[in-house]
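Some notes on the structure that comes next.
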Amino acid sequence: MKPGRRRHAALAMLLSLACHQVLAAGDAEPDAGAAARGALIYERCAACHALETDRTGPRHCGLVGRRAGSVPGFDYSPAMRQSKIIWTAANLDRFLKAPLAMVPGTAMGYDGIKDQRERRDLLAYLAKAGQGARCRAVPAAAGPPAARPMAHQRPAR
Amino acid sequence: MTTLIKLEEISHAVPRRAFLTRSGLLLSGTAVALLSGRDALAAKSGKGAESDLRILNTALGAELEAIAAYQVGAESGLLQKPVLDLAVSFQGHHKQHADLLYKTITQLGGKPMAARDKYVFPVETLKNQTDVLRFAASLEKGAVSAYLGAIPVFGNRDLSKAAGSILGDEAMHWAILRNAVGDVPVPDAFVA
C-alpha cells in the first residue's frame with residue numbers, strides 16, 4: 001500500500017474507533033446533526049480551550065485517545081499529570097459530566113455538562129474535529145503550530 | 001434596521017470621563033466584601049480552600065488571555081472608533097477582573113499565575129472589524145460559560161458571588177459585541 005493510502009486508511013480506522021467510542025458514551029447513536037450541535041456546545045469552552053493551540057487549557061486536537069496530561073509544554077495540574085487517564089470517549093464523558101469528581105485537583109474548576117445528550121454531541125464534535133483539516137495540520141507530539149505570537153499587557157497591580 | 005442599539009448610542013451613553021470615574025479605581029460591593037480580611041481569613045481556613053485557589057487561578061489565566069486578545073484587536077488596525085474605544089473599555093474590565101483575582105489569590109495564601117510571555121491567537125482568520133468582534137464575542141461567551149461552571153464548585157460562597165458579578169459583566173460584553181456585528185444581542189433566555 002502506498003504511504004498516502006496507508007495514511008488515509010489509518011485515519012479512517014481512527015475515525016471509526018472514535019465514533020464507536022462516542023457511541024459507547026451515550027445510550028443512543030449520535031444522529032447526523034450531533035457534531036453540528038456539539039460545535040455549538042464547544043463554544044462554551046472558548047474562554048480556555050481551542051482546537052489547535054494551547055490556551056488556559058490544553059489544545060483539543062488529538063484529544064480522543066490521548067493520555068491525560070501529555071501535551072508537550074503544557075503546564076498541567078499535578079492531579080491531571082498523574083491521573084494516568086486515557087481520553088477514551090467513555091472517560092471524556094465521565095470527565096465532562098463532573099471534572100472535579102473524576103480528577104480531584106484538576107485546574108478545570110467547572111461544574112460539568114450534566115445533560116447526557118449535550119455530552120454526546122460535544123464528543124461527536126471533538127471526534128469529528130479531531131480528524132478534520134484544522135487538526136491534521138497540528139503536529140501530533142510537538143508544540144503548538146506556528147502562529148504569530150502576540151504581545152500582551154500585564155494587568156496593573 | 002438590523003440592530004436594536006446603535007454603537008454611536010452606546011458610545012455616547014457612557015462618556016469616557018464618566019467611565020473612568022465609575023470604574024477606574026472603585027471596586028464593586030462584591031469585590032470589597034471579597035477582599036475584606038475577615039472573608040479572606042474564613043476562606044483560608046474553610047473547606048475546599050485549595051480547590052478554590054485552583055479555580056481562581058484558572059479564572060485569572062483566562063482573564064489574562066482575554067486582556068491579551070483585546071490587545072491584539074486594539075493593535076490590529078482593524079477596529080475603527082467608536083468600536084475601538086469599546087474594545088479598550090472591555091479590556092479595562094478584564095484588567096480589573098484579573099487584578100481582583102490576583103489580589104484575592106494572594107490574600108488567600110495562594111500564588112497567582114503570571115501572564116505568559118506570549119499568547120497564540122488565530123490572527124490569520126481576522127481580516128476585518130467584524131472578524132475581530134466575532135472572535136472577541138466567542139471569548140466572552142466562553143467566559144460566561146466558564147464562570148457559570150465555576151459558581152457551583154467554589155467552597156466559599158463569597159467567591160461564587162464574586163464570580164457571578166464577573167459573569168454579569170462578561171455577559172454584557174458578549175451581548176454588546178453580538179449587537180455590534182448585527183446578531184441578536186441576547187439569543188436565549190438562559191446561558192449555558
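Throughout, a chain's letter reflects where its sequence line sits, starting with A, and its residues are numbered from 1.
Linking Ile, Leu, Val, Met, Phe, Trp and Tyr whenever their side-chain heavy atoms come within less than 4.5 Å leaves B:V144 and B:M172 in two separate clusters.
When B:L139, B:L56, B:I151 are compared by the number of non-hydrogen pairs under 4.5 Å with chain A, B:L139 comes out ahead.
The shortest side-chain heavy-atom distance between A:L122 and A:R44 does not fall under the 4.5 Å cut-off.
Of the two parts of A:L40, only the backbone, made up of N, CA, C and O, holds a non-hydrogen atom closer than 4.5 Å to a non-hydrogen atom of chain B. Contact annotation for B:A59: neither backbone nor side-chain heavy atoms come within less than 4.5 Å of a heavy atom of chain A. Using a 4.5 Å cut-off between heavy atoms, A:T106 touches chain B through its backbone atoms (N, CA, C, O) alone.
Under the side-chain hydrogen bond (donor to acceptor under 3.5 Å, both in side chains) test applied with A:Y42, the options A:H60, A:R37, A:H49 reduce to a single match, A:H60.
We find that B:D99 and B:K95 are not joined by a salt bridge, their nearest charged nitrogen and carboxylate oxygen being 4.0 Å or further apart.
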